Structures are given as C-alpha cells and as structure tokens.
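Position 1 is the first residue of the sequence, and the numbers go up from there. Just so you know, these numbers use all the heavy atoms, side chains as well, and skip hydrogens, waters and symmetry mates. Predicted model only: the values in this text are computed from it and were never measured.
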Amino acid sequence: MAKKKKQPAQQQSAKSEALTLKDQLNGDVLEKLKLAKKDLVAKEQAAQGEREAKLAFERKQREKNKSFEELLNEYGDKGSKFNS
C-alpha cells in the first residue's frame, strides 16, 4: 500500500513542475511585472544617457582648460588646414 501512495504524489509533483511561472501567476500580477520591467529598462537607459552626456561634458572641459603647451604637444607640427 505504501507504493500506491507514493505514485500519486510523484504524479502531482510532475504536474506542478510542468506548470510554468506564467501559468501559475494570474494576469494582473503578470501585467504589473511587465510594467515594472519596462520602467526599470527606461530608467537604465536614462541613466546611461546621463553618464554619456556627463563624460562628453567633462571631455570638453578638459580640452577647454588645456594650456598652450599641452595643445602644442598634443597636436604638434600637424600644420593647419590652410597649409598644402
């Protein structure tokens, strides 16, 4: 008799394992999770854009604050666009 009791328990666990998380959640909870995911993705994209803008600004500030000697060392004898 012990074997007969174990078999139904195994079948029930196999059925519950076959159900996916989507099947177990109701529609409202699933929609809330999808909205939360969209919000997180949007926030991450905004943060990435802000980081890129900040780096570009800092790069411009460093370039702007270079001394004549630093500029001469960086660009050297490349000449100008008017020299042929």
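Remark: E69 CD is loosely packed, at most 12 non-hydrogen atoms of other residues, nucleotides or ligands lying under 6.0 Å away. Surrounding NZ of K66 are more than 12 heavy atoms belonging to other residues, nucleotides or ligands, all under 6.0 Å away.
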Is there a side chain to side chain contact (heavy atoms under 4.5 Å, CB included) between E70 and R62 once you walk through the steps? CA-CA 11 Å; E70 291 170 328; R62 282 194 303 272; over 6 Å; no
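Taking CG of L30 as the reference point, atom CG of L35 lies at 10.0 Å (rounded to 0.5 Å). Atoms CD and CD, on E52 and E50 in that order, are 11.0 Å from each other to the nearest 0.5 Å.
In this structure, the side chains of L33 and K37 stay at 4.5 Å or more apart for every pair of heavy atoms.
With sequence neighbours left out, the side chain to side chain donor-acceptor pair (under 3.5 Å) criterion links E44 to R51.
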